[in-house]
**Q** 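Structure in structure tokens, see below.
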Amino acid sequence: MTVRTTRRVFLSAATMMAAALAATACGSPQDTATGGGDSAAPVKVGLVYSQSGALASYGKQYIEGFKAGLDFATKGTGKVGDRKVELTEVDDAGDPAKAVSAAKDLIGKGTKIIAGSTASGVALQVAPIAAQNKVLFISGPAATDAVTGANKYTFRSGRQSYQDVVTAKSFIGDPAGKKVVVFAQDGAFGDANEAAVKTVIGGAGATVSSVRAPASATEFTPFASQIKAAKPDLLFVAWAGTTAPAMWQSLDQQGVLSSTTVVTGLDIRSSWPTFGAAGTKISFLSHYFDGASDTEASKALKAKVNTIDLFHPDGFAAAQMVVRAVQEGGDDVDKMVTALEDWSFDGVKGKMTIRAADHALLQPMFQAKLTGSGTAFTATAQKSLTGDETAPPAVAMKG
């Protein structure tokens with residue numbers, strides 16, 4: 001996709017939440033369904049994720065994806081070698097304290113693999129527990145960059161925020177000399193997104209400033225007017241909450257959308273109607289949507305869930321990682337860690353590689369467009385970025 005440098009780019013809050021590869025050959029999940037150690041005892045896997053609370057819809061997609069991925073990676077047996085994979089699901093409701101309590105309880109019962117973490121705050125609290133107890137932890141949809149490099153026992157099966165921002169940057173090419181404005185709500189969420197833009201896009205040579213709105217704001221005309229007057233080359237919108245439809249409508253009515261290239265993050269399918277009339281005027285960056293890829297894993301997932309949504313691939317990849325870890329490591333967690341480091345595999349999105357240095361999950365990201373309207377919106381892929389193109393900088397392992 002070619003984008004003129006005078007056009008502007010938007011990114012929603014939905015998706016805001018490089019070392020060289022020394023990868024092994026890209027592995028087929030079916031190749032990992034044997035082995036698993038000498039014991040015939042079940043492999044205990046604890047899945048601690050949001051079954052309720054604000055991120056329950058994300059959690060539902062994650063667990064559906066996990067079960068489909070386990071079926072795919074074990075050829076429908078649910079076993080690694082002769083060992084049945086025994087799942088225990090616990091609802092953390094997005095509460096870090098509940099998640100930590102659940103993880104400790106599972107570890108106390110002999111569980112050596114914990115997966116899940118729908119929310120970033122949860123993942124950051126569970127990761128240290130994994131290191132302290134030397135168990136494998138595979139974080140899920142939680143997007144915070146801080147999970148990468150948290151410790152040697154912590155991995156992730158989803159993308160991280162840096163990969164979102166790099167994908168947004170891809171719409172304007174070289175940011176050097178460009179003017180960037182961040183539009184966000186006041187508070188920690190807005191602060192974090194502004195900081196990310198300054199690091200990723202500002203660090204590439206752009207000048208970054210911001211327009212901030214009170215979280216309680218319901219009238220956005222003054223902010224839309226301020227943005228339009230600023231004439232940025234790139235406008236990065238980070239938004240959360242029920243005021244999003246009014247915000248988008250105001251930007252559209254004030255002519256911001258019609259005079260720019262608009263890029264925003266594509267959230268779960270049920271959120272698409274909130275874009276209203278703006279939907280077809282936006283170019284989206286996406287972690288994943290149904291039809292973004294045509295891999296064997298995506299076909300297997302679609303056969304199970306019918307319509308693939310944003311976080312189904314995270315669960316699917318987690319199951320593939322669990323099977324790989326047990327097949328190669330048996331009950332030895334340190335061997336599980338070694339088995340996952342620098343492993344490349346064919347996931348729902350395409351080629352996935354776990355970077356050994358910090359356990360970043362290098363993966364494709366997507367540019368997309370919506371057609372239709374409201375509940376009838378359909379997403380189509382415009383461009384796929386490779387794992388190398390969206391790779392975050394390597395960070396030192398903290399523990």
Side-chain angles (χ1 to χ4, degrees), residues 26-37 39-51 58-91 102-103 106 109-118 135-142 155-158 288 293 295-331 333 336-337 339-340 343-350 352 354 361 363:
C26 197
S28 165
Q30 283 79 4
D31 293 338
T32 69
T34 59
S39 174
V43 177
K44 296 181 179 181
V45 179
L47 300 174
V48 183
Y49 65 100
S50 294
Q51 297 176 13
Y58 294 178
K60 182 176 184 293
Q61 293 171 21
Y62 171 83
I63 193 62
E64 289 175 348
F66 188 96
K67 290 178 178 179
L70 183 62
D71 185 77
F72 180 67
T74 63
K75 297 185 184 180
T77 67
K79 295 181 178 180
V80 181
D82 293 328
R83 305 183 65 184
K84 178 177 175 59
V85 179
E86 184 179 280
L87 305 180
T88 300
E89 300 178 36
V90 183
D91 180 16
L106 288 164
K109 294 176 179 176
T111 302
K112 294 186 177 181
I113 302 174
I114 305 293
S117 290
T118 318
V135 299
L136 181 66
F137 172 47
I138 303 173
S139 181
F155 293 78
R156 68 190 321 145
S157 63
Y288 197 80
S293 65
T295 63
E296 290 304 310
S298 70
K299 293 173 184 176
L301 175 58
K302 190 171 178 64
K304 292 288 186 179
V305 302
N306 190 34
T307 300
I308 305 174
D309 216 331
L310 187 65
F311 293 116
H312 282 120
D314 296 4
F316 198 100
Q320 292 177 288
M321 293 168 68
V322 166
V323 171
R324 164 74 176 188
V326 176
Q327 187 271 329
E328 296 292 331
D331 289 319
V333 177
M336 293 182 192
V337 169
L340 291 176
W343 182 49
S344 288
F345 62 101
D346 297 318
V348 173
K349 300 176 70 173
M352 317 280 277
I354 302 167
L361 183 59
Q363 60 196 280

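Since this is a predicted model, take the numbers as computed values, not measurements. Hydrogens, waters and symmetry mates are skipped; everything else that's a heavy atom, side chains included, is used.
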**Q** Hey, is NZ on Lys84 packed in by over 12 heavy atoms from elsewhere, all under 6.0 Å?
**A**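 For Lys84, atom NZ is not crowded (no more than 12 foreign heavy atoms under 6.0 Å).
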**Q** I'd like to know if the side chain of Lys304 and the backbone of Phe72 have a donor-acceptor N/O pair within less than 3.5 Å.
**A** no
**Q** Can you measure from NE2 (His312) to CZ (Phe66) and round to the nearest 0.5 angstrom?
**A** 14.0 Å
**Q** How far does OG1 of Thr111 sit from CG of Leu136, to the nearest 0.5 angstrom?
**A** 12.0 Å
**Q** I need the minimum non-hydrogen distance between Ala339 and Glu328, along with the two atoms involved.
**A**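 Scanning both residues, the minimum pair turns out to be CB-CB, 3.3 Å.
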**Q** Enter the distance from Ile113:CD1 to Glu86:CD here, rounded to the nearest 0.5 Å.
**A**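 The CD1 atom of Ile113 sits 12.0 Å away from the CD atom of Glu86.
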**Q** Ignoring hydrogens and geometry, is there a side-chain-to-backbone donor-acceptor pair from Ser157 to Asp314 under 3.5 Å?
**A** yes
**Q** Taking Arg324 for the side chain and Leu340 for the main chain, is one N or O donor matched with an acceptor at less than 3.5 Å?
**A** no
**Q** For the residue pair Val45 and Leu70, establish whether any side-chain heavy-atom pair is separated by less than 4.5 Å.
**A** no
**Q** So, taking the atom named CD in Glu64 and the one named CG in Asp309, what distance separates them when rounded to the nearest 0.5 Å?
**A**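 Taking CD in Glu64 and CG in Asp309, the distance rounds to 9.5 Å.
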**Q** Whether the side chain of Ser50 engages the backbone of Thr118 through a donor-acceptor N/O pair (distance < 3.5 Å, no angle test) should be reported.
**A**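 Not a single qualifying donor-acceptor pair exists.
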**Q** Counting C-beta onward and ignoring hydrogens, is there a side-chain heavy-atom pair between Glu296 and Lys299 closer than 4.5 Å?
**A** yes
**Q** When rounded to the nearest 0.5 angstrom, what distance separates CD1 in Ile308 from CZ in Phe316?
**A** 8.5 Å
**Q** Donor-acceptor pair, distance only, cut-off 3.5 Å: does the side chain of Lys302 make one with the backbone of Asn306?
**A**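 Indeed, once roles are kept as given, a pair shorter than 3.5 Å links the two residues.
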**Q** Cut-off 3.5 Å, side chains only: do Tyr288 and Ser293 have a donor facing an acceptor?
**A**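 Present: a donor and an acceptor within the cut-off.
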**Q** Is Ile63 close to Glu89 at the side-chain level, that is, under 4.5 Å between some pair of heavy atoms?
**A**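 In contact.
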**Q** Taking the side chain from Asp91 and the backbone from Gln51, do they hold a donor-acceptor pair closer than 3.5 Å?
**A** yes
